[in-house]
Amino acid sequence: MSARDLDGAVGREVRVHGAVQRIRRLSWGAFVVLRRHDGLLQCVVAAGVEAADLDALREGQYVRVTGEVRQASLKDASISPRNVEVHASSIECLLDPVEPLRIDLTKKVLDLHIDTNLDNRPVSLRHPVERARLRISEGLGRAFREYHSAQGFTEIRTPKICFAGAEGGANIFKVQYFDREAFLAQSPQFYKQMGVAVFERVFEVGPVFRAEPHQTSRHINEYTSLDLEMGFIDSFHDVMAMEIGYLRAAMGLLASEYAPELEMLEADLPEVPAALPSVRLEEAHEIAGSMSGQDFSGEPDLDPEEERLLCEHSLREWGSEFLFVTHFPSSKRPFYTMDDPERPGETLSFDLLFRGLEITTGGQRIHGYQEQAAKLMAFGLDPAGFESYLMAHRAGLPPHGGLAIGLERLTARILRVENIRLACMFPRDVKRLVP
RNA sequence: GGACCGGUAGUUCAAUUCGGUUAGAGCACCGGCCUGUCACGCCGGAAGUUGCGGGUUCGAGUCCCGUCCGGUCCGCCA
């Protein structure tokens, strides 16, 4: 029985099951809040109801409650629905935990060190706030699928065990693959591009792996990439427009179907203007420079301080919490990125900044075989090592481009969670391989 | 790879410039009370090898050396 169904069942007898999230004992009985598949439900258990041994009732037990649905008016935002409660006529224990919970799940906030939280993830995830964060992340992934499916994209699944990395460099995990060495995918980039020739528009929601030994609140070594690639674009602005469409759809879906979670998390969804501000990297450096007094000009990338400054500026001057930065230098972008014919040394690429953090990278790709082979060599790479990739170029690719959004980063910034790990069910970082 | 910071009860934190009696508090836990709670409330209780090893000292959670573990930020990136 869903929360919505309970809403319409006032006066009826229902049977529900769940885990005991918290018990508030009073002299006449207790309020017992159940954790269920789609929210917390308050039950009222008077002392002496059938099969109910209130003294034996413990947080963490799994129970089945039978009772009448009655109207209520509850103040606790973690409970959903809040306009009904179940007055138990019987309560049956299905399972007793073998040890008391190691973490206090009854309070409004989990007052834990992030490390304690993550070490105890099998339990801490049962807290309403942690659960709600994962639901928001799920909603963003769901919106990505729904929106792009409606836009004519085909969902693809590409291998995560690869012969070579898409981005090159040392940040790739090696794995033993029978009698050979293989690598964990850093990106579905090559496969997406091949997919463009098959379906014109493709997307994938999947894990990517980065072996960088970074230790910050915005990096994990396995994250979920919301990837897309689209053919027959006129410019990379088509890709940016698609992202705007997605963000608008995603915020709409969250507002309509994830309202209880958003309310509990006290989240403020960003407005997504129909057109987002966009500046070239050079201009971005100037803006950040004038705000901080530092000189960023000539830097090939944005540093984290600039990302924060630029977002502040974008909100104040243009009323947008999102800001595109374009035209990163060729040297800083992968070899498949198309150069701007009008601006030598610059690429037709973009990042999207949101609330102080880079959440997306994208751009137009090189589709011509000769151009791609030439740029590979200019990067000091051997085209022979990219044979199957270049096969697609030789067989012909339409003009195309795409992007990748870091799901955990997007989730974390929407919820204003400081550490990306808290937007992830079981984060992997340099120090953390379990749980 | 670099810079900074930290490790005290199950947990989150205290512990007075410069070292000083028996290392405290909130929450959780245990016992009792409370006719409707909303992070319930009230009374009581138990709970610690101060990460580990060594040193200085009459005396070390506090100072010094070593060691282990971790966090934040930077580089790099989503």
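Reckoned from all heavy atoms, side chains included, excluding hydrogens, waters and symmetry mates. Just so we're on the same page: letters track the sequence lines, and every chain starts at 1. Note that the structure is predicted; figures quoted are calculated from it, not measured.
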When the distance from [atom1] of [X] to [atom2] of [N] is rounded to whole Å, what number comes out?
{"X": "A/Leu357", "N": "B/rC76", "atom1": "CG", "atom2": "P", "answer": "15 Å"}
{"X": "A/Asp111", "N": "B/rU11", "atom1": "CG", "atom2": "P", "answer": "12 Å"}
{"X": "A/Glu243", "N": "B/rA78", "atom1": "CD", "atom2": "P", "answer": "12 Å"}
{"X": "A/Lys108", "N": "B/rU11", "atom1": "NZ", "atom2": "C1'", "answer": "20 Å"}

Counting the atoms with a prime plus P, OP1 and OP2 as sugar-phosphate, which does [X] contact under 4.0 Å by heavy atoms, base, sugar-phosphate, or nothing?
{"X": "A/Leu26", "answer": "base"}
{"X": "A/Ser225", "answer": "nothing"}
{"X": "A/His87", "answer": "base"}
{"X": "A/Asp351", "answer": "nothing"}
{"X": "A/Ile79", "answer": "nothing"}

Nearest-neighbour nucleotide for the A/Pro213 side chain, B/rC76, B/rG75, B/rG36 considered: B/rG75
Side-chain N or O of A/Ser27 closer than 4.0 Å to phosphate OP1/OP2 of B/rU35: yes
side-chain N/O A/His219 vs B/rG75 OP1/OP2, d < 4.0 Å: no
If the condition is side chain to side chain donor-acceptor pair (under 3.5 Å), which residues does [X] pass it with, not counting sequence neighbours?
{"X": "A/Thr216", "value": "A/His219"}
{"X": "A/Ser217", "value": "none"}
{"X": "A/Arg135", "value": "A/Glu261"}
{"X": "A/Ser137", "value": "none"}

Under a 4.5 Å cut-off applied to non-hydrogen side-chain atoms, are [X] and [Y] in contact?
{"X": "A/Phe328", "Y": "A/Asp351", "result": "yes"}
{"X": "A/Cys311", "Y": "A/Arg355", "result": "no"}
{"X": "A/Arg15", "Y": "A/Arg64", "result": "yes"}

Say we look at [N] and [M]: how far apart would their [atom1] atoms be, to the nearest angstrom?
{"N": "B/rC73", "M": "B/rC64", "atom1": "C1'", "answer": "28 Å"}
{"N": "B/rA14", "M": "B/rA23", "atom1": "C1'", "answer": "10 Å"}
{"N": "B/rU16", "M": "B/rU21", "atom1": "P", "answer": "10 Å"}
{"N": "B/rG7", "M": "B/rU50", "atom1": "C1'", "answer": "9 Å"}

Check nucleotides 44-47 of chain B for protein N or O atoms closer than 3.5 Å to its own N or O atoms and list the pairs.
none

Base-contact (B) and sugar-phosphate-only (S) positions in nucleotides 67-72 of chain B, heavy-atom cut-off under 4.0 Å, - elsewhere: ---SSS
Contacting residues from residues 267-288 of chain A, given that a heavy atom lies under 4.0 angstrom of RNA chain B: none
Residues in contact with RNA chain B, drawn from residues 69-78 of chain A - heavy-atom cutoff 4.0 Å: A/Ser73, A/Leu74, A/Lys75, A/Asp76
Whether A/Phe31 stacks on the six-membered ring of B/rG36 base, 5.5 Å and 30° limits: no
Close N or O pairs between protein and nucleotides 28-33 of chain B (under 3.5 Å):
from   : atom 1 : to       : atom 2 : distance (Å)
B/rA28 : OP1    : A/Lys107 : NZ     : 2.9

Which atom pairs, one a donor and one an acceptor, fall under 3.5 Å between side chains of residues 241-250 of chain A and the rest of the protein, sequence neighbours left out?
from     : atom 1 : to       : atom 2 : distance (Å)
A/Glu243 : OE2    : A/Thr360 : OG1    : 2.7
A/Tyr246 : OH     : A/Leu140 : O      : 2.8
A/Arg248 : NH1    : A/Val272 : O      : 2.6

Pair A/Asp5, A/Ser2: side-chain N/O donor-acceptor within cut-off below 3.5 Å: yes
Bracket notation of RNA chain B in which parentheses pair within the strand, [ ] cross earlier pairs, and | pairs with another strand (Watson-Crick or G-U, under 3.5 Å): (((((((..((((......[...)))).(((((.......))))).....(((((..]....))))))))))))....
Polar side-chain contact A/Arg409-B/rC77 base: donor and acceptor under 3.5 Å: yes
Pairwise ring-ring contact (aromatic ring centres under 6.0 Å, His included) hits with a residue in residues 2-31 of chain A, at least two apart: A/Trp28-A/Phe31
